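Below is one structure, written out as structure tokens, with a few remarks after it.
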Number of protein chains: 2
Amino acid sequence: MIRQAEKSCPVGKVVALVGDSCSLLIVRDLLDSAKRFSELENSLSVSTRTLAKKLKLLEHEGIVMRKETKDSPACVRYSLTKKGAAFQKVVDDMRAYGKKYL
Amino acid sequence: MIRQAEKSCPVGKVVALVGDSCSLLIVRDLLDSAKRFSELENSLSVSTRTLAKKLKLLEHEGIVMRKETKDSPACVRYSLTKKGAAFQKVVDDMRAYGKKYL
DNA sequence: CGGTATCCTATGGGATACTG
DNA sequence: CAGTATCCCATAGGATACCG
């Protein structure tokens, strides 16, 4: 639904990037600390499939980093890149808004 | 997709409210100034149907105000309530983010 | 544990036509 | 102009099963 017209607007770009139901919630969680796949899965109550897709997308966009330690069973941690961590202000303001108005 | 678990988090609430493809873009436009239906329609490149639905939702949530002046043809202006205008910071932060990183 | 692969459904949203 | 009403479709996302 994001059209060409939106792509020239910085706000439109941000919405196109994290303006879905859970991308920003992933960022919110990772702003707190790096987390495992299953931790995110539980926190967000999202399906495995969707979480995997969103994480891949966010990784591809340079928002999220994936780090795997060679253990068995597998252990993977997701954290924010600098670009991802820069969402801190947005998330903080949203939190402030939510507390005050919702 | 927004689950119960998210409703206890202020950020989750905000995302549930404006975390779709165009609600926040409507707010962005109205932060600039009050606008008519058709202005929003053109600016957002969204279908009549969708815009009408989102505006109703935002009005119902107390974010947007609808003012009709009894003219012919009809003239309707949408503007932000105080609750809606409070999104200024969030939108500004998103704009700053978009300019810097996207 | 951290995914991928299928299948399937709900629904968001476009296009079009019509009305006060 | 500012919508409402239909119809229709694409796709986001859930559920489930399976794998390294």
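Just so you know, these numbers come straight off a predicted model, no measurement behind them. Throughout, protein chains are lettered first and strands after them, A, B, ... in sequence-line order, and every chain is numbered starting at 1.
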Please report, rounded to the nearest Å, how far the [atom2] atom of [N] is from the [atom1] atom of [X].
X      : N       : atom1 : atom2 : result
D20(A) : dG14(D) : CG    : P     : 11 Å
E39(B) : dC1(D)  : CD    : P     : 10 Å
I26(B) : dG13(C) : CD1   : P     : 11 Å
K70(A) : dC1(C)  : NZ    : P     : 18 Å
L51(A) : dA15(D) : CG    : P     : 14 Å
E41(B) : dG13(C) : CD    : P     : 15 Å
K35(A) : dG3(C)  : NZ    : C1'   : 20 Å

Just the dot-bracket of DNA chain D, please: which string comes out with Watson-Crick or G-U pairs under 3.5 Å, [ ] for crossing, | for another strand? ||||||||||||||||||||
Of P73(A) and A52(A), whose nearest nucleotide on DNA chain C comes first from the 5' end?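 It is P73(A), whose closest nucleotide lies nearer the 5' terminus.
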Is there any salt bridge (Lys or Arg N to Asp or Glu O under 4.0 Å) pair reaching into residues 93-102 of chain B, and which pairs are they, with sequence neighbours excluded?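 Residue pairs with at least one partner in residues 93-102 of chain B: K89(A)-D93(B), D92(B)-R95(B).
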Output every pair passing salt bridge (Lys or Arg N to Asp or Glu O under 4.0 Å) with a member in residues 42-52 of chain B, not counting sequence neighbours, ordered by first then second residue.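 Checked against salt bridge (Lys or Arg N to Asp or Glu O under 4.0 Å) - neighbours excluded - no pair reaches residues 42-52 of chain B.
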Between [N] and [X], is there an OP1 or OP2 to side-chain N/O distance shorter than 4.0 Å?
X      : N       : value
Y78(A) : dC1(C)  : no
S47(A) : dG14(D) : yes
R36(A) : dG2(C)  : yes

Stepwise side chain to side chain contact (heavy atoms under 4.5 Å, CB included) test for C75(B) and K67(B): CA-CA 9 Å; C75(B) 178; K67(B) 271 179 204 155; over 6 Å; no
List in chain and number order the residues that pass side-chain contact (heavy atoms from CB on, under 4.5 Å) with R77(A), two or more places apart in sequence or in another chain; answer none if no residue qualifies.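 Scan of R77(A) (side-chain contact (heavy atoms from CB on, under 4.5 Å), adjacent residues dropped) gives R36(A), E39(A).
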Listed by chain and number, what are the side-chain contact (heavy atoms from CB on, under 4.5 Å) partners of S33(A), not counting sequence neighbours?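 K35(A).
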Which nucleotide, dA12(D), dG2(C), dG13(C), lies nearest any side-chain atom of K53(A)?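 Of the options given, the side chain of K53(A) lies nearest dA12(D).
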Nucleotide of dG13(D), dC1(C), dG14(D) approaching K54(A) most closely (side-chain heavy atoms):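 Closest nucleotide to the K54(A) side chain: dG13(D).
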What are the atom names and distances for every N/O pair under 3.5 Å that joins the protein to nucleotides 5-10 of chain C?
none

I need the residues from residues 55-68 of chain B with at least one non-hydrogen atom less than 4.0 Å from DNA chain C; give them sorted by number, or say none.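 Within residues 55-68 of chain B, no residue comes under 4.0 Å of DNA chain C.
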Non-neighbouring partners of T48(B) that pass side chain to side chain donor-acceptor pair (under 3.5 Å), sequence neighbours left out: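 In terms of side chain to side chain donor-acceptor pair (under 3.5 Å), with neighbours along the sequence ignored, T48(B) is linked to E41(B).
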Sequence-distant partners of S38(B), side chain to side chain donor-acceptor pair (under 3.5 Å), two or more places apart: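 For S38(B) there are no side chain to side chain donor-acceptor pair (under 3.5 Å) partners, ignoring immediate neighbours.
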Who are the ring-ring contact (aromatic ring centres under 6.0 Å, His included) partners of Y101(B), not counting sequence neighbours?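 By the ring-ring contact (aromatic ring centres under 6.0 Å, His included) rule, Y101(B) matches Y97(B).
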Counting only N and O atoms by type, is there a donor-acceptor contact under 3.5 Å from the side chain of T81(B) to the main-chain atoms of M65(B)?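 No, the answer is negative, given that no donor and acceptor are paired below the 3.5 Å cut-off.
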Can you run down the side-chain hydrogen bond (donor to acceptor under 3.5 Å, both in side chains) pairs that involve residues 51-63 of chain B, sequence neighbours left out, and say none if there aren't any?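 Sorted pair list: D20(B)-K54(B).
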Is I26(A) close to L51(A) at the side-chain level, that is, under 4.5 Å between some pair of heavy atoms?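 L51(A) reaches I26(A) side chain to side chain.
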Should Y78(B) and V64(B) count as side-chain neighbours, where that means a heavy-atom distance under 4.5 Å?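 Counting from C-beta outward, Y78(B) and V64(B) do come under 4.5 Å.
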